[in-house]
Undergrad: 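A single structure is presented below for examination.
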Amino acid sequence: MSLNVCTDQLVLELADLDQIVSLSNLSGDPRLSFLHDKAAKFPKNSGLAEEVFLAHPDIVVTGTYSLHNTALILQKAKIPVEQFEYAQTLDTIPGDILRMGRILHHEDRAKALAASFEEKLSRFRAMPRGKRPSAVVFEQNGVALGAGTLADSVLGAAGFRNLVAEQGYSGMVPYPLELLVRDKPDVVLVTHSYEKAPSLADEIARHPAVKALGSDTTGNVVPPGSWACGGAFTMEAVEALRRLRDTLSKPKTGHSG
Amino acid sequence: MRPGLRTLFLTILVVVALACSLLIGPAGLAPWTSLRSLIAGGGEAATIIMRDIRLPRALLGLMVGASLGLSGAALQGFLRNPLAEPGIIGVSATASLGAVIVFYSGVAGLSVLALPAGALLGALVAVIVLLAIAAGNAGTLTLILAGVALSSLSAALTSLVLNLSPNPFASYEIIFWLLGSLKDRSMVHVWICAPLMIAGWLLIFRCGRALDALSLGEETAASLGIDLNRTRLMLVGGVALCVGAGTAVTGVIGFVGLVVPHVLRPFTDKLPSSLLLASSLGGAVLLLAADIASRIIVPGHELNVGVLTAMVGAPFFLWLVIHSRREVFS
C-alpha cells in the first residue's frame, strides 16, 4: 500500500499487480504522476491512517515529505512503514529503485531497471557538452527550481545551465518575475496549467512580462509528471530536454551560451 | 491647514511614493535607466520590467489605496461611526468572496468583466445589509459586530470554495484573498478595475455636500434639502464600485480606510466633504508605502501587503475602540 505519489510510481514500476493494495489519490493525476494510466486500475487512498488499518497491508510505503503524522501513528500500531526521501537528484534514483525492489521482493527486476537507468544516464552525461543554453523552470506562483532539486540535475544531464541555481538559489524558491525578465534565459519551462480549475498560481505563466520575454516558454517540452517524482521514467524528461537542446543549438542564435 | 496647501502636500507625498514604488525592485535597475525605459522604451528587458511589472503594481497601489481611503472617509461620515471602514464592516470580505466564486468556478475565464462583476455583487450585498442595519437606528457597536459576522462568514466561505477546487494550488490562495497582495499583477488588472473605480469615486465625491449636512443630523439635513435616499443609493453604489473593483484584483486589504481618515481629520475643518479628497490621497500614500515595505522588509521573500496594513491598522482600531467610548465622535 502506497500513500505518496512518488512511492506509488516506484511501486508501479516494480510490483506484481496483485501485490498492490492501493495507491494514493494523486497517482491518477496526469500532471503529477507519469504513470497515471497504469495507476488507473488500482484502488486509491487519501493517505489516512484509518484506511491503512482497514486494508491491513503487509507494508506501507510513503515519502518523508508529507503525512508525517500518519506514519507515526502507523509505526505505533506496529504496521511496517518504509519512508522514502523526497527524490533529490538523478543520482539517488537507482538507490530508490533498488530499495523498493528489496521491499517488494523483486530484487532482480529492480537491479535490471536501475542498471539500465544508470547506463542511459551516463550515456547522456558523456555526450559532447558544446554550448549549454540557459533555462529556468518557472512553476506555479512564480516558484523556480534551484540547486539540489531533481529538475536541476535533469537540466544538467540534458546539457542546460540552470540559471536559478547559478544565482545561488537552491530548492524550490519564489523567484522574482523581474529577475526572469532581466536575465532572459534561452528557455523558460512553465508547468501546464489546470484548464478546468483555474487558480491564481497558474496565471503567472500567462503574465504579459513572461510572454514578452520571447524565450521559448512552453509547458509541452517535458512529459507531464516525468520529473515531479524520481523514477526510471525520469529519463523521459532528460530525453525530452536533450532533444530541445539539440534543436536550440542547431540554428545559430545570438545568445551567449 | 489651508485646503490648497493640504492637497498640494498630500499630492507631493503621492508622487514620491509612486516614484519609489517604480524604482524599487529585485532587478536593481538604475533609477535613470528605469525612468527612461518606462517613458521612452528601448532596452528591452528594462522596458518589460518597468511597463509590465512595476507600472501596473504602482498604479494599482495608487488606485486601490485611494479607493479604500475615500470609502472609509465616506462611510465614517455617512454612518457617523468612527469605526466604519470597508474592511471592518465586511464589504471587502464579501467582495473577495464574490470574486473567488467567479474566478474558481471558471466563469471568469469567459469574460474579463465577470471577475469584477462578482466582487461588485459581493460588495453590494454587504453594503446593503449594513445600511439596512444602520437604518434601524443601531448604535456604533451593532454595525461593527454585524460587520464582524459578515467578514467571518465570507472568509469561511472563501476558504470553503478554495478547498473544494480540484486545483491543488487553490487552497494556498486563501492567503491572497484574505490578506491581499499587489504582487505580479499586470496592466490587464489595471484596465479591469480602473473604469469601475473611477465611476465609484465620482459617485462618492458627489455626496460631499450631503455628508456635510448629515453631520448635523438627519432631520437638519432633510430641512437643508438633502435627499437622504438618493445620497444613500449613491454612497452604496460608490463604495461597492470602489471596493469591489479593487478587491477583485488585489484581495482584501484592510484598515487603510480606517486609519487614513482619522490621521487626516485634524488637518481639515472636520467637515466630511473636505476629508474626501484628503483621504483618497492619503490612502494612496499609505498603500503604496505599505506595498514598498512588503517588498523590502524580508529580502528575497515578499510579504502580503494586507499583513502590513493589519499590523499598523489593528492596534489603531483597538485604540480607537477604547478611545471612542469616552469621546463622542463629531
Side-chain angles (χ1 to χ4, degrees), chain A residues 5 24-26 28-33 66 138-144 146 164 167-185 188 191-215 217 225 228 254-255, chain B residues 24-29 33-34 37 43-57 99-100 102-110 114-115 162 164-177 181 183-190 249-251 295 298-302:
Chain A
V5 63
S24 83
N25 272 332
L26 290 177
D29 185 333
R31 279 154 235 271
L32 287 172
S33 172
S66 59
F138 200 58
E139 299 208 312
Q140 280 93 343
N141 268 336
V143 167
V164 178
Q167 310 254 353
Y169 289 88
S170 62
M172 295 179 76
V173 285
Y175 192 67
L177 192 51
E178 285 191 12
L179 292 188
L180 189 71
V181 174
R182 186 191 64 186
D183 299 334
K184 216 171 178 307
V188 180
T191 317
H192 245 307
S193 56
Y194 287 64
E195 276 130 23
K196 295 224 172 86
S199 73
L200 295 172
D202 288 328
E203 282 202 328
I204 187 92
R206 293 190 293 269
H207 193 286
V210 175
K211 283 188 187 154
L213 264 177
S215 313
T217 53
H255 298 303
Chain B
I24 294 170
L29 303 172
T33 323
S34 313
S37 35
E44 236 188 306
T47 307
I48 298 175
I49 290 176
M50 292 310 294
R51 290 190 179 167
D52 288 332
I53 301 176
R54 292 197 195 166
L55 183 65
R57 178 169 200 156
V100 163
V102 169
F103 186 85
Y104 292 89
S105 64
V107 179
L110 304 177
L115 183 66
L162 294 176
L164 290 179
S165 163
N167 190 315
F169 289 91
S171 34
Y172 296 107
E173 285 157 20
I174 293 173
I175 189 167
F176 170 86
W177 291 106
S181 169
K183 184 173 180 263
D184 296 337
R185 309 277 84 192
S186 68
M187 284 311 275
V188 177
H189 296 106
V190 176
V249 295
T250 66
R295 276 182 272 175
V298 186
H301 212 95
E302 229 176 79

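Predicted, not measured: the structure shown is a model, and the values here were computed from it. Computation of the quantities below employed the complete heavy-atom set of this structure, encompassing side-chain atoms and omitting hydrogens, waters and symmetry-equivalent molecules. Reminder, nothing fancy here: chain letters follow the sequence lines and each chain counts from 1.
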Undergrad: Which residue pairs satisfy the side-chain hydrogen bond (donor to acceptor under 3.5 Å, both in side chains) criterion with at least one member in residues 168-177 of chain B, sequence neighbours excluded?
TA: B/Y104-B/E173, B/Y104-B/W177
Undergrad: Kindly give the heavy-atom pair with the smallest separation between A/L179 and B/A27, and that separation in Å.
TA: CD2-CA, 3.9 Å
Undergrad: Report the option among B/G28, B/G25, B/S105, B/P56 that has the most heavy-atom pairs separated by less than 4.5 Å from atoms of chain A.
TA: B/G25
Undergrad: Return the set of residues passing side chain to side chain contact (heavy atoms under 4.5 Å, CB included) with B/F176 (not counting sequence neighbours), or none when no residue passes.
TA: A/L200, B/S181, B/R185
Undergrad: Looking at B/G106, B/S165, B/P26, which makes the most heavy-atom pairs under 4.5 Å with chain A?
TA: B/P26
Undergrad: State the CG-CZ distance between B/L29 and A/R182, to the nearest 0.5 angstrom.
TA: 8.0 Å
Undergrad: Starting at CZ of B/F169, measure out to CD of A/E203 and round the result to the nearest 0.5 Å.
TA: 14.0 Å
Undergrad: Give me the atom names and distance for the closest heavy-atom approach of B/N167 to A/S199.
TA: ND2-OG, 3.4 Å
Undergrad: For a 4.5 angstrom cut-off between non-hydrogen side-chain atoms, does B/I53 reach A/H207?
TA: yes
Undergrad: How long is the gap from CG on B/D184 to CD on A/E178, to the nearest 0.5 Å?
TA: 9.0 Å
